[in-house]
Amino acid sequence: MKPFSGDCLEGKRILITGGLGAIGRVVVSTLLRHSASVAVNDILNAGEAAEILEQSGWTGERCLYLKADVTLPGAAENFVGGTVEAFGGIDIALCHAGIVYSGPLLECKPGDWDRILDINLKGAFLVAQAAARAMVEAGTKGKIIFTSSWVQDVPWPGITPYTVTKSALKMLMRGMAREFASHGIRVNAIAPGIVAAGMAQRQWETEPDYRRRAERAIPVGCRQPPESVADALLFLCSEAADYMTGATLLVDGGCSLYPMD
């Protein structure tokens with residue numbers, strides 16, 4: 001049984017980066033199912049995106065796709081501006097897009113480092129900043145939500161550049177929460193665990209050492225379904241989280257409790 005009614009996000013205008021990824025699609029479907037209007041951002045071309053939207057049943061005026069590489073100058077502003085133009089404003093910004101670098105630190109090239117910081121941190125900052133500016137100008141008491149990870153606080157071999165970006169997102173979230181509180185803007189983050197979809201799924205399937213460690217690292221005994229991530233984001237988007245700001249919602253199956261690898 002779902003804990004929230006189907007209309008709990010009615011009237012909410014939400015944008016999400018990385019919305020066409022494996023986890024992002026589940027999140028978008030959950031938001032739409034609970035009556036939100038959603039602007040979906042990713043870097044797929046219009047034809048590929050249209051096919052996914054049709055297959056997912058995301059039809060009607062409550063869902064649109066806006067292609068943009070939000071790490072590029074002006075792209076985040078254009079994405080936010082397109083959302084405002086389509087929906088008349090923004091209530092919630094989900095900075096969800098991210099990638100992982102997998103490999104030993106001694107083999108990490110400067111280009112690899114720059115790319116993961118650009119997408120995971122710079123892009124999130126630019127979208128959050130543009131969304132906050134739009135909210136302040138409109139007098140909207142909105143929300144900004146970052147997708148972090150349990151490894152923001154726990155070193156995990158082979159993905160240190162990724163963990164650095166997630167740790168930085170945590171402080172970015174807290175800094176924005178402090179600065180924007182006077183405007184009525186709540187800023188929080190979700191920290192999922194080892195999800196059975198997306199980047200973690202690819203590592204599970206292709207990296208034996210990662211799988212060996214991951215199989216031992218989850219106290220609850222199973223990987224996280226993407227629906228769990230979507231439900232946690234649903235909570236943060238809802239009125240139930242209106243008194244939260246500067247907080248990380250840890251939903252990781254206990255991975256961060258103690259090292260098990």
Side-chain angles (χ1 to χ4, degrees), residues 2 14-34 36 38-59 63-71 79 93-102 115-116 118-121 123-124 127 145-152 156 158-159 161-163 165-166 169 189-207 210-211 213-215 217-218 220 222-237 249-253 255:
K2 292 293 180 182
I14 302 176
L15 63 80
I16 178 173
T17 61
L20 296 187
I23 299 173
R25 297 185 199 186
V26 178
V27 174
V28 172
S29 292
T30 298
L31 299 174
L32 290 171
R33 191 167 60 250
H34 288 82
V38 185
V40 182
N41 162 255
D42 218 300
I43 57 173
L44 298 182
N45 64 44
E48 293 174 305
E51 185 176 348
I52 293 173
L53 265 64
E54 183 177 354
Q55 290 175 349
S56 302
W58 303 344
T59 57
C63 184
L64 74 152
Y65 174 69
L66 296 171
K67 177 185 177 181
D69 179 350
V70 296
T71 68
F79 170 45
L94 302 182
C95 300
H96 176 72
I99 61 170
V100 67
Y101 167 83
S102 180
R115 182 167 180 262
I116 194 167
D118 274 354
I119 294 173
N120 293 11
L121 187 57
V127 171
I145 304 167
F146 295 99
T147 298
S148 184
S149 168
W150 71 284
V151 296
Q152 67 182 15
W156 184 262
I159 58 168
Y162 175 82
T163 67
T165 64
K166 296 306 184 180
L169 272 182
I190 178 178
I194 298 174
V195 184
M199 297 180 294
Q201 178 66 21
R202 287 193 294 275
Q203 287 186 276
W204 178 273
E205 293 174 347
T206 62
E207 299 177 24
Y210 173 88
R211 181 165 181 167
R213 286 184 281 109
E215 285 175 335
I218 311 171
V220 299
C222 63
R223 289 181 297 156
Q224 184 171 14
E227 290 78 10
S228 169
V229 179
D231 286 345
L233 286 170
L234 173 63
F235 165 71
L236 288 179
C237 289
L249 181 59
L250 187 62
V251 189
D252 68 347
C255 286

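Contact record, P226 with A196: CD-O, 4.5 Å, taken as the closest heavy-atom pair. Contact detail for S102 and Q203: the closest heavy-atom pair is OG-NE2, 3.3 Å. Between G193 and W150, the closest heavy-atom pair is CA-CD1, 3.4 Å. The shortest heavy-atom contact between P192 and S148 is CD-O, 3.4 Å. For I194 against A200, the heavy-atom pair with the smallest separation is CG2-CB, 4.5 Å. Across all their heavy atoms, C237 and L31 have their closest contact at SG-CD2, 4.2 Å.
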The test is side chain to side chain contact (heavy atoms under 4.5 Å, CB included); show your working for L53 and V40 and say whether it passes. CA-CA 10 Å; L53 265 64; V40 182; 5.5 Å; no

Test side chain to side chain contact (heavy atoms under 4.5 Å, CB included) on W156 and R213 and set out the steps. CA-CA 9 Å; W156 184 262; R213 286 184 281 109; 2.9 Å; yes

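No donor-acceptor pair closer than 3.5 Å links the side chain of N41 to the backbone N or O of L15. Using modelled atom types, one side-chain atom of T17 and one backbone atom of H96 make a donor-acceptor pair closer than 3.5 Å. Judged purely by atom type and a 3.5 angstrom limit, S29 has no side-chain atom pairing as donor or acceptor with the backbone of V26. A donor-acceptor pair under 3.5 Å links the side-chain atoms of Y65 to the main chain of D42, judged by distance alone.
At a cut-off of 3.5 Å, with distance as the only test, no side-chain donor of D118 or T71 sits close to an acceptor on the other residue.
Counting heavy atoms from C-beta outward, E227 and T30 have side chains that stay 4.5 Å or more apart. Taking the side chain as every heavy atom from C-beta outward, I23 and T147 never approach each other to under 4.5 Å. Looking only at side-chain heavy atoms (C-beta outward), N120 and L169 stay at 4.5 Å or farther from each other.
A distance of 5.5 Å separates CG in L20 from CG in L44, rounded to the nearest 0.5 Å. In this structure, CD on Q152 lies 9.5 Å from CG on D252, to the nearest 0.5 angstrom.
For I43, the CD1 atom sits in a loose shell: 12 or fewer heavy atoms of surrounding residues, nucleotides or ligands are nearer than 6.0 Å. Other residues, nucleotides and ligands contribute only 12 or fewer heavy atoms inside 6.0 Å of the CD atom of E54.
Under 4.0 Å is where a charged nitrogen must lie from a carboxylate oxygen, and between E215 and R211 at least one such pair does.
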